[in-house]
Amino acid sequence: MLRHAIAPSRRYTKASHDVVRHPRLTSDAKILLLYVQGLTTESADKPLSEHARKLGITGRAYQKAKELLVVNGFLHERRQQGVRGLWATAQLLSNVSLTPAEAATVCLGRASEGSEAPETAMCPGAPDPAVGEPAIGEPVDRVVGGQLPVDEEREKNSPHPPSEAKPDPDPDPDPEVKPEPGAAPDAPLPPDVAEGERVLLSLRHACRELYLGAKEARTLAALAAEWLRRGITAAQLRRVLTSELPDGGVRSAVGFLRYRLVHKLPEEPRPEVPAPKPVVAAMIPCAGPGEEHLFRPARGEELCGPCGRAEARRFWLRQRELAEGQPAPLPWRERFAAVNGPRVEPC
């Protein structure tokens with residue numbers, strides 16, 4: 001490979017090898033990073049999307065380049081509230097990969113150097129200039145004024161005095177709390193019932209319409225456990241309950257899930273019938289010529305493999321000799337005359 005490079009004397013940007021040779025950055029991300037690196041201080045206050053638009057990087061290409069810069073630590077963003085209460089997005093773009101803590105340290109240093117920078121140029125983690133210095137002295141309690149409360153003023157101006165409330169009868173000092181029938185919250189659940197309850201509670205992450213409370217999931221846990229006992233995994237059960245939802249939405253998550261758990265319950269797995277063991281035939285002597293030897297028949301044959309092939313070869317040799325000893329077949333004209341008789345000439 002031939003290489004010829006002329007170093008410019010002015011108007012150039014030094015590109016780090018870590019950026020140019022980065023394996024996970026696309027060409028758009030590298031060009032955008034080098035372009036922003038060579039900007040002046042006045043031009044660096046603009047958002048990154050405006051610089052990308054000048055380079056012709058828009059739409060999905062810009063989103064992909066920005067995502068790669070953020071993932072690899074070259075771009076850091078943070079939304080913060082400015083002096084007038086307006087929210088702005090502060091962006092920090094560096095030519096080296098930084099962690100969030102390192103980016104905050106860099107921005108704190110820049111904020112201390114120039115506090116008069118506009119809001120859009122602030123770095124993530126920079127202090128808000130609207131926050132002043134704390135007051136001198138220890139904090140004291142608020143002095144309460146001499147105004148009367150609203151309730152006291154109403155009682156003073158009311159033409160009729162309030163009636164005295166009748167005292168309630170002495171309640172039972174030690175009321176007995178009757179537990180709900182069939183409720184045992186502290187009792188440990190069986191493993192399959194606990195797994196079914198976890199699957200039902202996790203449906204809220206897949207579809208907000210299937211949000212269940214703890215008591216609702218406990219009532220349906222036994223139905224979900226029956227699916228798990230029949231060989232259905234937790235992932236398959238979650239897929240069955242969250243797929244093909246009604247077009248109009250789910251009105252009642254409990255009723256919808258109970259209907260699916262009951263009516264789509266798979267059949268119980270049938271017990272596997274063990275395959276019958278093959279019957280091994282006993283060894284028998286071969287009926288072929290030669291020395292006596294034993295073999296194991298497969299279909300009731302009397303000859304072993306080699307003897308059977310030799311016998312078949314001899315049979316077909318005899319058949320060929322018999323075929324060669326037969327006379328040649330007559331031509332078709334003679335066979336026709338033999339069948340129809342001699343030809344009679346017309347008168």
Side-chain angles (χ1 to χ4, degrees), residues 182 184 186-203 205-207 210 212 217-245 256-341:
D186 298 336
L189 297 176
D192 49 357
V193 178
E195 180 66 19
E197 183 179 359
R198 283 194 294 269
V199 173
L200 294 173
L201 291 176
S202 66
L203 298 180
H205 304 295
C207 181
L210 302 180
L212 292 177
R218 183 65 60 86
T219 57
L220 300 178
L223 296 176
E226 185 62 26
W227 285 64
L228 301 177
R229 295 190 194 101
R230 300 192 179 189
I232 305 299
T233 62
Q236 293 174 347
L237 177 59
R238 189 180 297 107
R239 190 181 307 112
V240 170
L241 297 178
T242 57
S243 61
E244 299 180 3
L245 299 179
F256 175 77
L257 294 176
R258 180 182 289 109
Y259 182 86
R260 283 210 168 180
L261 289 173
V262 172
H263 292 274
K264 287 195 173 185
L265 182 65
E267 61 180 5
E268 295 184 2
R270 299 178 180 177
E272 297 182 358
V273 179
K277 297 182 179 180
V279 179
V280 180
M283 302 286 289
I284 61 174
C286 178
E291 297 181 359
E292 183 179 0
H293 54 279
L294 302 178
F295 76 101
R296 198 182 302 276
R299 297 179 180 86
E301 59 270 12
E302 298 179 356
L303 298 176
C304 64
C307 295
R309 288 190 292 271
E311 182 64 24
R313 189 179 301 108
R314 288 192 296 269
F315 172 79
W316 288 112
L317 287 177
R318 289 194 300 269
Q319 293 295 329
R320 186 167 63 179
E321 292 175 358
L322 293 175
E324 291 177 354
Q326 295 291 335
L330 297 175
W332 69 273
R333 293 179 184 274
E334 297 179 2
R335 283 181 289 160
F336 185 80
V339 173
N340 298 327

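Of all heavy-atom pairs between C207 and L245, the closest is SG-CD1, 3.5 Å. Nearest heavy atoms, P297 versus A281: O-CB, 3.5 Å. Nearest heavy-atom pair across L237 and L261 is CD1-CD2, 4.0 Å. Minimum interatomic distance between L303 and A287 (heavy atoms only, all atoms of both residues): CD2-C, 3.6 Å. In this structure, F295 and P285 approach most closely via the heavy-atom pair CE2-O, 3.9 Å. Scanning all heavy atoms of the two residues, the minimum distance from A234 to L228 falls at N-CD2, 4.1 Å.
Atom CD of E244 sits in a sparse spot, with 12 or fewer heavy atoms from other residues, nucleotides or ligands closer than 6.0 Å. By the 6.0 Å contact criterion, CZ on R314 is enclosed, its count of non-hydrogen atoms from other residues, nucleotides or ligands being greater than 12. Dense packing is recorded around CZ of R296, with more than 12 heavy atoms of other residues, nucleotides or ligands lying under 6.0 Å away. At most 12 non-hydrogen atoms from other residues, nucleotides or ligands lie less than 6.0 angstrom from CD of E302.
Here the OG atom belonging to S202 is positioned 11.0 Å from the CD atom belonging to E197, to the nearest 0.5 angstrom. Distance check, rounded to the nearest 0.5 Å: CD of E324 to CZ of R320 gives 6.0 Å. Put simply, OG1 on T242 and CZ on R260 are 8.0 Å apart, with the number rounded to the nearest 0.5 Å. In this structure, CD on E301 lies 10.0 Å from SG on C286, to the nearest 0.5 angstrom. How far CH2 of W227 is from NZ of K264: 7.5 Å, rounded to the nearest 0.5 Å. In this structure, the separation between CG on L257 and CG on L223 is 10.0 Å, given to the nearest 0.5 Å.
Checked against R238 for a side chain to side chain contact (heavy atoms under 4.5 Å, CB included), the options L200, L203, L210 give a single hit: L203.
Salt-bridge check for R318 with E321: failed, with every basic side-chain N at 4.0 Å or more from each acidic carboxylate O.
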Original post:
Given the rule in the side-chain contact (heavy atoms from CB on, under 4.5 Å) test, do D192 and E226 qualify, once you have shown the distances and angles that lead to the verdict?
Top reply: CA-CA 8 Å; D192 49 357; E226 185 62 26; over 6 Å; no
**OP:** Would you please test R229 and V193 for side-chain contact (heavy atoms from CB on, under 4.5 Å) and show each step?
**Re:** CA-CA 10 Å; R229 295 190 194 101; V193 178; 4.1 Å; yes
